[in-house]
Amino acid sequence: MPELPEVETIATNLRNGTPDQPPIRGLVIDTGTVLWARSLAAPTLDEFLLRLPGQVVEEIWRRGKYLVLNLSQDYLLFHLRMSGDLLVERQESPLAAHHRLLIDFQNGYRLAFNDTRKFGRAWLVPDPETVLSRLGPEPLGAEFSATDLYQRLHAFHRQLKPLLLDQRFLAGLGNIYTDEALHKAGLHPLKISDEVNEDQAKKLWQSVREVLQEGIRHNGASIDWVYRGGDFQNHFRVYQRGGEPCPNCGTPIERIVVGQRGTHFCPHCQPRLR
DNA sequence: ACGAGCGCCTGTCGGC
DNA sequence: TGCCGACAGGCGCTCG
């Protein structure tokens, strides 16, 4: 799915607009439409349709991989999972394949939730914490320090890769940025979290922040049919580069499977021990 | 407290 | 050409 940098890019686009779409802050909602029932996680369809009209989009932000719209009464949250995207388009434009949920505004535009694989979800709730409360710290937040990461790593005895993918541990990393961060930090994806020393934790902390910031700078990554305009996919160092030379040392990148996820690392730069 | 397997979905790609 | 399995940015669940 879109990971933190992709969701951040989408939030920025909704807030500021793009050459193709106007900003949605301040727009008044006319109606909602649910085209695929399971895309709406909460509330019921009836309540969703009843509560939306007249609410104003006041702010747009991101928490982990969730996108949050502050409305005048409620909060509208989206999780894009593997293939979700949010677009602003004219209401008269033809319904694209895979549109799952629409928010029509009074000015003739609509917000379209497009999601090929139907894994994404939307929530309309009075308190966003009912959806967000289990998330770990924001990796780019000012209050998240290298010392925090070291202590959190030592609170568990888990393989680094599945731990970094666990949104309760840290909010926002997915398969791409985890592989990239571990490579940058020189840590094996199967290394055990409480065997990471303070220097390594500090390096991992820095690497996580750097790869996320690099992703944001490139407007995220665009893969397959989900093209969002970003080009970070041209800057992967290990992700989906099995067999290719490591950019640091030339050793062929290895691909293994960890927790059913393809995992890419350099066996020379990322030793499992020490 | 862990990790593995599976389900949820649609689409693409490579091998035969 | 068609068919078939592997795989894909995620995550919640069950089961050892």
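Numbered from 1 within each chain, the chains take letters A, B, ... in sequence-line order.
- Ion pairing between A:Lys65 and A:Glu3 fails under the 4.0 Å rule for side-chain N and carboxylate O.
- No donor-acceptor pair closer than 3.5 Å links the side chain of A:Trp205 to the backbone N or O of A:Tyr150.
- Dashed line: the shortest gap from a side-chain N or O of A:Lys118 to OP1 or OP2 of B:dT10 is under 4.0 Å.
- Annotation: B:dC9 and C:dC3 have their P atoms spaced 24 Å apart (nearest Å).
- Protein atom CG of A:Asp85 is 18 Å distant from nucleotide atom P of B:dT10, rounded to whole Å.
- Residues A:Gly259 and A:Gln240 each lie close to DNA chain C; by heavy-atom proximity, the contact nearer the 5' end of the strand is made by A:Gln240.
- A:Tyr239 comes within contact range of the sugar-phosphate backbone alone, with a heavy-atom separation under 4.0 Å but no base atom that close.
- Distance A:Leu163 CG to B:dA4 P: 14 Å, rounded to the nearest Å.
- When all heavy atoms are compared, the tightest approach of A:Lys202 to A:Ala146 is CA-CB, 4.0 Å.
- Taking the six-membered ring for Trp and thresholds of 30 and 60 degrees, A:His79 and A:Tyr66 have ring planes more than 60 degrees apart, a perpendicular arrangement.
- Counting heavy-atom neighbours within 6.0 Å of A:Arg90 CZ, excluding the residue itself, gives a total above 12.
- Picking from B:dG11, B:dC2, B:dG3 the nucleotide with the shortest atom distance to the side chain of A:His157 gives B:dC2.
- OP1 or OP2 of C:dC11 sits under 4.0 Å from a side-chain N or O of A:Lys65.
- The shortest side-chain heavy-atom distance between A:Pro126 and A:Asp74 falls under the 4.5 Å cut-off.
- For the pair A:His79 and C:dC11, the criterion of a side-chain N or O lying under 4.0 Å from OP1 or OP2 is met.
- In this structure, the CG atom of A:Leu170 is 12 Å from the P atom of C:dC11, given to the nearest Å.
- Within residues 133-141 of chain A, no residue approaches DNA chain B, by heavy-atom distance under 4.0 Å.
- With rounding to whole Å, A:Tyr66 atom OH is found 10 Å from C:dG12 atom C1'.
- Among the protein residues, A:Arg168 comes within range of no part of the nucleic acid, since none of its heavy atoms lies under 4.0 Å from any strand.
- In the set B:dT10, B:dC6, B:dG3, the nucleotide with an atom closest to the side chain of A:Gln260 is B:dC6.
- Side-chain atoms of A:Arg158 and base atoms of B:dA1 include no donor and acceptor less than 3.5 Å apart.
- The separation between A:Ile223 atom CD1 and B:dC13 atom P is 13 Å, rounded to whole Å.
- To the nearest angstrom, P of B:dC2 lies 10 Å from CG of A:Asp166.
- Taking the six-membered ring for Trp and thresholds of 30 and 60 degrees, A:Tyr177 and A:Phe232 have nearly parallel ring planes, at less than 30 degrees apart.
- Across all strands shown, B:dC9 remains unpaired; no Watson-Crick or G-U wobble contact has both distances below 3.5 Å.
- With rounding to whole Å, A:Leu190 atom CG is found 10 Å from B:dG3 atom P.
- In this pair, A:Phe119 lays its aromatic ring flat on the base of B:dC8, centres within 5.5 Å and planes under 30 degrees apart.
- As rounded to whole Å, 4 Å separates atom P of B:dC9 from atom CZ of A:Arg38.
- Contact between the side-chain N/O atoms of A:Gln159 and the OP1/OP2 oxygens of B:dC2 is not found at any separation under 4.0 Å.
- Candidate nucleotides B:dT10, C:dC11, B:dC2 were compared by shortest atom distance to the side chain of A:Arg117, and B:dT10 ranks first.
- Of the possible polar contacts, none joining the A:His264 side chain to the A:Glu180 backbone as a donor-acceptor pair under 3.5 Å is found.
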